[in-house]
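Quick caveat: nothing in here was measured; it's all calculated off a predicted structure.
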Amino acid sequence: MIEKVYQYIKENNMLNDCRHIIVGLSGGADSVCLLVLLHSIIVQYQMDIDVVAVHINHEIRGDEALRDQRFAQKLSDDLGVVCHVLNKDVKAIAKMRGVSIETAGRQVRYECFAQIKRELGFLDTTTKIAVAHHIDDLVETSLMHLIRGSGIQGFSGISPVNGDIIRPLLCVNKKEIIEFLKRKGIGYVVDSTNLESDYQRNQLRNQLIPMIEKKYNPEFSKAVYHMATDLLEINRYIDRQVDQLEPICVRYDSTNQKVLASLLLDKFQHVDRTLQTYLLRAVLKKVAQSPVDIYRKHIELLMQLCQKQVGKKINLSNGIVAIRGYCDITLQKSVHQDAHLDKQEDWNPLSIDLSNIKTGEEQCVKLGISICDINGTWHKVEKICLQLVDKKEIKNIYLNNVYTKFFDCDKISRKIDIRFKEQKDFIQIHANGGKKKLKKELIDLKVPANVRNHILLLACENEILWAVGVRRCQTALIDENTKNILKICVVIGD
C-alpha cells in the first residue's frame, strides 16, 4: 500500500518542491490512512517535508464531534505531528450563505486549510494541502455530477492535483484503506451520519451503487473510475486550449477582494462551442472564488444570455449574477454589488463652495464611497480634491487622465454638487452649446443599465460637469482667455 501510493504521488508530481503538507484529518478511516501513509512515506523515503494536521469541528454532532476531535489530536501526537483544531458552526454558515450543509462543510474545510496555511506563513509554492478522497469518492462524485447534469467536466470527477490540493489516495479504494488500517492495528472513528441515507451522497454509497453492482455489473465502480480518469485526460487537453483563449475573451477586475469578469462577446462568439462551454466554467470558478457546483443548465443560461437584450440579468450558482451589456456579459457575486449599494444608501450628496478656495491651496472632501465606471467596475473613492491653479504654472493642462480634470473656474457657478444621477440631469456634449439628457448620453456610451445610478457626478444644479469614469462635459473648457483653472482630482483607494 505504501509503495502503491508513493508511486501514484510520483506519477502525478504531487510533492515536487514541497516543504510542507497540511493534512485534513477528520478522524475517519480515510483521513487517518492518509496521515499515516504520508508520515510513513516521508520517513521511509527520507523526504525533507513537514506535516501538520488540521481537524475541523463542524459543531453538528455534539459529543460525537468532540470524540472525533480528541481522537485526531491523540493520533497526531502519537505520530509526532502538530494538530490544529478549528471550530466552525457549519449549520449557521450554511444558512447565512444560502447553501446546503454539505456544501457549506466543503467550503469551510478548504477555507480552514487556507487559514492555517496563512497563519503558519507557508509559501504557496512549497506547501500542499492533502485531502483523503479515494476511488470510491471519485465514483460517487462522478455519479452525483451526472445525475445533476454537470456534463463531461463534472463526470470526470476528482483530479489528483488541483493547484495546491493533492489527493494521494485516488489510486486506492475504501476496501484497501480499511484493510491497511486493520493490518497496522490503527483505529479510526465512524461518523454516524455516514451510515444514514439522508444525504444524496450517502444514498448513492449505501443504496444505488450496491444495487447496480449486485443486479447489473459487479465491476460497476471500476468501470466508472476508468471512464472518469479517461475523461480527466481529455479535460486537461481542452483546459490547455482554454488557457490560451481566456486572455483574449475575458477581462478580469479585482475590487475589494472580489472578482468581476467581463466576457467580450465579439471575441467569444468566434470560439468553437465546445471551448465556449469550458471557458464559461473557468470564468465561473474564478468569479466564485470558492468551491462551486457548475452544471449544464448554468452554461446553457449563459449561452442564451449572449443572445438576449441589453440589461437582461440571470442568477447562477453560488450567488453569481450575469448581466448582458452592449458588448459583453459581466459576471460577479451579487453580494459584491449589494455591499456597495448598502454603503451608498447611507451617503448624502455634498456641495462645495468654490468661493472658499484660494489659489494654490488644495481643498479635499472625504467620501469613502464606492462608485462604478463606464465598464461597470466598482472603485472605492477615498476623497475628491479641488485646487485653484494659475494657467502659467501648468504645462500639460490638456493631459487629463481618467480621474483628474481641469476646468475654467470663471465659467462655473460658485457651487459644485457631488452626487449621483437625478431625473433632469443633462450634459453639454459640444463646445458650441449642444446639450443632451444624461440618461440618453449614458445609453449612447453603452454604459451598463445596472450601474448608471452608481456613477459619481460633479454638477452645477442639473448640469453635469463630470461623470467620473465616463466623460466630462464641454462646458468650462480652458482657452486663451482663461485666468483661473480649477483642477479636480478623484482619489481612488485600494
Side-chain angles (χ1 to χ4, degrees), residues 1-18 21-42 44-45 47 49 51 53-54 102 105-106 109-110 113 127-146 150 152-181 183-184 186 188 191 194 201-202 204-205 209 213 219-239 285 291 293:
M1 181 90 158
I2 293 176
E3 180 63 24
K4 182 178 183 179
V5 172
Y6 175 63
Q7 291 301 323
Y8 187 71
I9 288 172
K10 287 178 60 178
E11 289 170 8
N12 289 278
N13 303 313
M14 292 186 184
L15 300 182
N16 288 5
D17 301 320
C18 179
I21 303 178
I22 297 172
V23 180
L25 179 62
S26 68
D30 306 338
S31 64
V32 168
C33 180
L34 175 64
L35 180 62
V36 171
L37 276 172
L38 285 175
H39 182 267
S40 300
I41 288 171
I42 289 170
Q44 183 172 323
Y45 294 96
M47 297 179 174
I49 299 177
V51 177
V54 175
E102 284 181 298
R106 185 173 72 249
R109 283 193 292 275
Y110 287 103
F113 296 150
T127 304
K128 303 297 181 182
I129 296 171
V131 290
H133 295 116
H134 48 76
I135 288 176
D136 294 15
D137 290 321
L138 185 150
V139 171
E140 292 165 10
T141 300
S142 297
L143 290 176
M144 285 178 65
H145 288 171
L146 179 64
S150 62
I152 292 175
Q153 274 192 310
F155 191 78
S156 63
I158 307 170
S159 174
V161 178
N162 185 8
D164 60 354
I165 307 294
I166 60 173
R167 299 180 172 93
L169 299 186
L170 275 182
C171 61
V172 297
N173 58 34
K174 183 76 169 190
K175 183 179 178 181
E176 291 176 282
I177 290 172
I178 298 299
E179 289 176 350
F180 170 78
L181 294 176
R183 287 197 310 270
K184 293 289 185 179
I186 300 171
Y188 54 90
D191 182 345
N194 288 337
R201 181 179 291 274
N202 289 340
L204 287 173
R205 178 186 304 147
I209 294 174
E213 291 181 335
E219 299 290 314
F220 175 70
S221 291
K222 185 181 293 185
V224 173
Y225 171 75
H226 289 310
M227 175 68 79
T229 52
D230 288 345
L231 288 174
L232 183 61
E233 290 303 316
I234 295 172
N235 283 330
R236 285 173 173 170
Y237 171 77
I238 298 177
D239 286 341
K285 287 180 181 179
D293 295 324

(request) Answer yes or no: is there a side-chain heavy-atom contact under 4.5 Å between Arg236 and Glu233? (result) yes
(request) Please assess Val51 against Val23 for the test side-chain contact (heavy atoms from CB on, under 4.5 Å), listing each intermediate value before the final yes or no. (result) CA-CA 7 Å; Val51 177; Val23 180; 3.8 Å; yes
(message) Could you check whether any side-chain heavy atom of Leu143 comes within less than 4.5 Å of a side-chain heavy atom of Phe220, counting everything from C-beta outward?
(response) yes
(request) Decide yes or no for Phe180 and Val172: does some side-chain heavy atom of the first lie under 4.5 Å from some side-chain heavy atom of the second? (result) no
(message) Is the shortest side-chain heavy-atom distance between Ser26 and Arg109 below 4.5 Å?
(response) no
(request) Report yes if the side chains of Leu169 and Tyr8 come closer than 4.5 Å at any heavy-atom pair, otherwise no. (result) no
(message) Using a strict threshold of under 4.0 Å (side-chain N to carboxylate O), is an ion pair present between Lys175 and Asp136?
(response) no
(message) Would the distance check show the side chain of Asp230 and the main-chain N or O of Met227 forming a donor-acceptor pair, the cut-off being under 3.5 Å?
(response) no
(message) Any side-chain to backbone donor/acceptor pair from Thr141 onto Leu138? Under 3.5 Å, distance only.
(response) no
(message) Testing the basics here: between Cys18 and Ile49, what is the closest heavy-atom pair and its distance to 0.1 Å?
(response) O-CG1, 3.4 Å
(request) May I ask you to test the Asp30-Ile177 pair for a side-chain heavy-atom distance under 4.5 Å? (result) yes
(message) For Met47, I'd like to know if atom CE has over 12 heavy atoms of other residues, nucleotides or ligands within 6.0 Å.
(response) yes
(message) Is it the case that atom CG in Asn16 sees more than 12 heavy atoms from other parts of the structure closer than 6.0 Å?
(response) yes
(message) Side chains of Gln7 and Glu11 only: does a donor on one sit below 3.5 Å from an acceptor on the other?
(response) no
(request) Could you tell me whether the side chain of Ser221 reaches within less than 4.5 Å of the side chain of Ile135, counting heavy atoms only? (result) no
